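Here is the structure we will look at, set down as structure tokens.
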Amino acid sequence: MTANYSLYIHFPWCVRKCPYCDFNSHEKPNGIPEHDYISALLADLDQDLLRNFVASSTMEVGSIFMGGGTPSLFSPKGIDYLLDQIRQRVNLATKIEVTMEVNPGSISPGSYENHLSKSLISKSGETEPLAEEKLAGYREAGVNRLSLGVQSFDASQLKNLGRIHSPESAIRTYQLARAAGFSNINIDLMHGLPSQDLTQAMNDLQHAIDLQPEHISWYQLTIEPNTVFYKQPPSLPNEDALWEIYEAGLSLLEKNDFSRYEVSAFSRPSFRSKHNLNYWSFGNYLGIGAGAHGKHRQGKAFSRSTKTRLPADYLASPNAKYSLVPSSDLLLEYLMNTMRLVDGFSYQQFEENTGLSRTALRPFIERAKTRSMITERGDGIQPSSLGLQFLNELLLLV
Ligand code: SF4
């Protein structure tokens with residue numbers, strides 16, 4: 001029997017840390033140790049394969065997601081080698097989705113701070129390829145989906161957000177990606193930005209729609225602990241303004257045939273992200289790279305892996321901690337993922353994916369139905385629009 005998996009690969013470096021970012025991303029002005037990091041990633045994968053007790057011959061990887069950090073600081077040659085080595089270790093599905101997050105500031109000429117990333121990369125001793133060569137190189141290496149971190153098309157907002165690219169370089173990167181043969185592109189866009197009003201937010205969204213990507217991730221800026229914005233909070237739109245933006249954005253996306261399938265994910269038909277769907281459906285995934293997480297089912301138990309977080313420590317030894325998910329956490333963990341999905345889940349999926357009986361859901365269902373936060377259909381449940389909007393409140397009912 002085949003065991004289906006996704007593979008997440010974390011790249012922990014960025015040209016500059018954005019003030020809102022709480023990801024495991026670090027500035028490294030003296031250059032990226034590309035070769036050593038890729039070796040560490042492969043050692044990490046080997047230990048996961050050994051430890052997970054899943055014969056790699058029966059494992060099939062349906063999606064790979066390279067996230068960060070900024071994976072596009074790595075060279076096409078490095079990515080090609082990495083993907084090739086992965087192919088030698090695990091079976092990849094014929095129609096595998098291979099996504100790479102791309103920061104336009106690490107790719108496209110014309111970025112007002114592109115020189116920063118250039119100086120950072122050139123420390124490797126290799127000549128930096130032209131933007132189009134770089135994108136074509138990723139495509140040839142096997143990347144077939146790009147996720148562009150645009151965040152806004154407004155130059156002053158990009159400065160507020162500490163981004164290293166301009167609106168023009170984001171658009172240029174998108175066009176070059178199309179020219180390089182990418183037919184599946186996501187644009188990451190934020191709303192609820194400092195002092196943003198409804199018109200500005202809708203202009204941003206319209207810009208993204210006009211480019212005609214296959215997928216848009218449209219999510220609200222939130223202030224997270226351990227960020228610069230947490231210590232020096234910017235002035236954000238009030239609750240009423242945020243609500244207005246949210247409602248208008250959903251309607252604009254729908255009018256333009258972007259179908260919502262997750263809290264913040266909107267796609268053209270058949271372009272839902274396989275990787276994220278597997279994650280939100282509580283599927284098995286391996287996570288390699290500094291600070292990466294993995295999770296998979298072993299019989300009736302669920303095993304979790306967490307990798308060494310700091311890049312320097314990870315490079316020294318890519319250690320992993322493996323633990324079992326306590327059965328008391330299982331219901332909440334399952335709902336934290338699946339209640340993000342517009343279609344929710346079926347009771348059959350719930351029983352297959354958790355090993356729990358559907359009766360375990362009943363108290364949550366009754367509480368959530370009373371508050372109109374879910375809809376119960378014949379074969380399962382799904383969040384209502386209220387439940388999607390107030391997901392944290394919905395999960396408090398578990
Ligand atoms: S580019 Fe992305 S990962 Fe890097 S600091 Fe900014 S938000 Fe974080």
Side-chain angles (χ1 to χ4, degrees), residues 8-32 34 37 41 65-74 79 99-108 111-121 131 134 138 146-167 169-170 173-174 177 185-194 196 204 208 216-234 236 264-265 273 275-276 287-293 307 309-311 314:
Y8 174 76
I9 311 175
H10 192 75
F11 296 80
W13 292 293
C14 290
V15 172
R16 189 171 67 199
K17 184 84 179 172
C18 304
Y20 59 89
C21 176
D22 72 336
F23 298 145
N24 186 27
S25 60
H26 307 262
E27 292 181 13
K28 193 155 190 333
N30 55 347
I32 287 174
E34 177 167 305
Y37 191 71
L41 286 173
F65 194 102
M66 293 180 266
T70 307
S72 52
L73 289 176
F74 279 62
I79 298 298
T99 304
M100 178 189 241
E101 286 183 339
V102 164
N103 183 327
S106 67
I107 293 278
S108 204
S111 161
Y112 52 77
E113 295 199 30
N114 193 43
H115 64 279
L116 273 176
S117 59
K118 277 204 166 145
S119 64
L120 186 145
I121 294 162
K134 197 168 181 186
Y138 293 144
L146 289 189
S147 180
L148 293 187
V150 174
Q151 316 311 349
S152 173
F153 289 94
D154 178 320
S156 64
Q157 288 292 6
L158 290 175
K159 285 207 167 173
N160 290 339
L161 295 172
R163 303 291 300 179
I164 59 163
H165 58 88
S166 61
S169 63
T173 302
Y174 179 90
I185 300 181
N186 167 56
I187 291 182
D188 264 356
L189 201 70
M190 288 201 278
H191 60 91
L193 302 179
Q196 190 180 48
D204 253 358
I216 296 178
S217 298
W218 188 62
Y219 56 99
Q220 188 185 320
L221 170 67
T222 51
I223 306 295
E224 303 296 339
N226 299 318
T227 62
V228 172
F229 274 1
Y230 190 76
K231 288 181 209 117
Q232 298 151 23
L236 297 181
S264 313
S273 160
H275 187 87
N276 289 339
I288 60 172
H293 294 267
K307 306 300 167 57
R309 186 175 163 82
L310 287 177
Y314 182 85

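Since this is a predicted model, take the numbers as computed values, not measurements. Just follow the structure's listing: the first ligand is 1, and inside any ligand the first atom is 1.
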Protein residues having a heavy atom less than 4.0 Å from any atom of ligand 1:
Cys14, Arg16, Lys17, Cys18, Tyr20, Cys21, Phe23, Ser25, Gly68, Gly69, Asn103, Arg163
Would you find a donor on one side and an acceptor on the other, under 3.5 Å apart, between the side chain of Lys134 and the backbone of Ser106?
yes
For Val102 and Ser72, the nearest pair of non-hydrogen atoms, with its separation, is CA-OG, 3.5 Å
Rounded distance (nearest 0.5 Å) linking atom CZ of Arg163 with atom CD of Gln151
4.5 Å
Is a donor from one side chain sitting under 3.5 angstrom from an acceptor on the other, for Thr222 and Glu224?
yes
So, using side-chain hydrogen bond (donor to acceptor under 3.5 Å, both in side chains) as the criterion, who are the partners of His26 when residues are at least two apart?
Asn24
Count the heavy atoms of every other residue, nucleotide or ligand shown that sit under 6.0 Å from CZ of Phe23, and state whether that count exceeds 12.
no
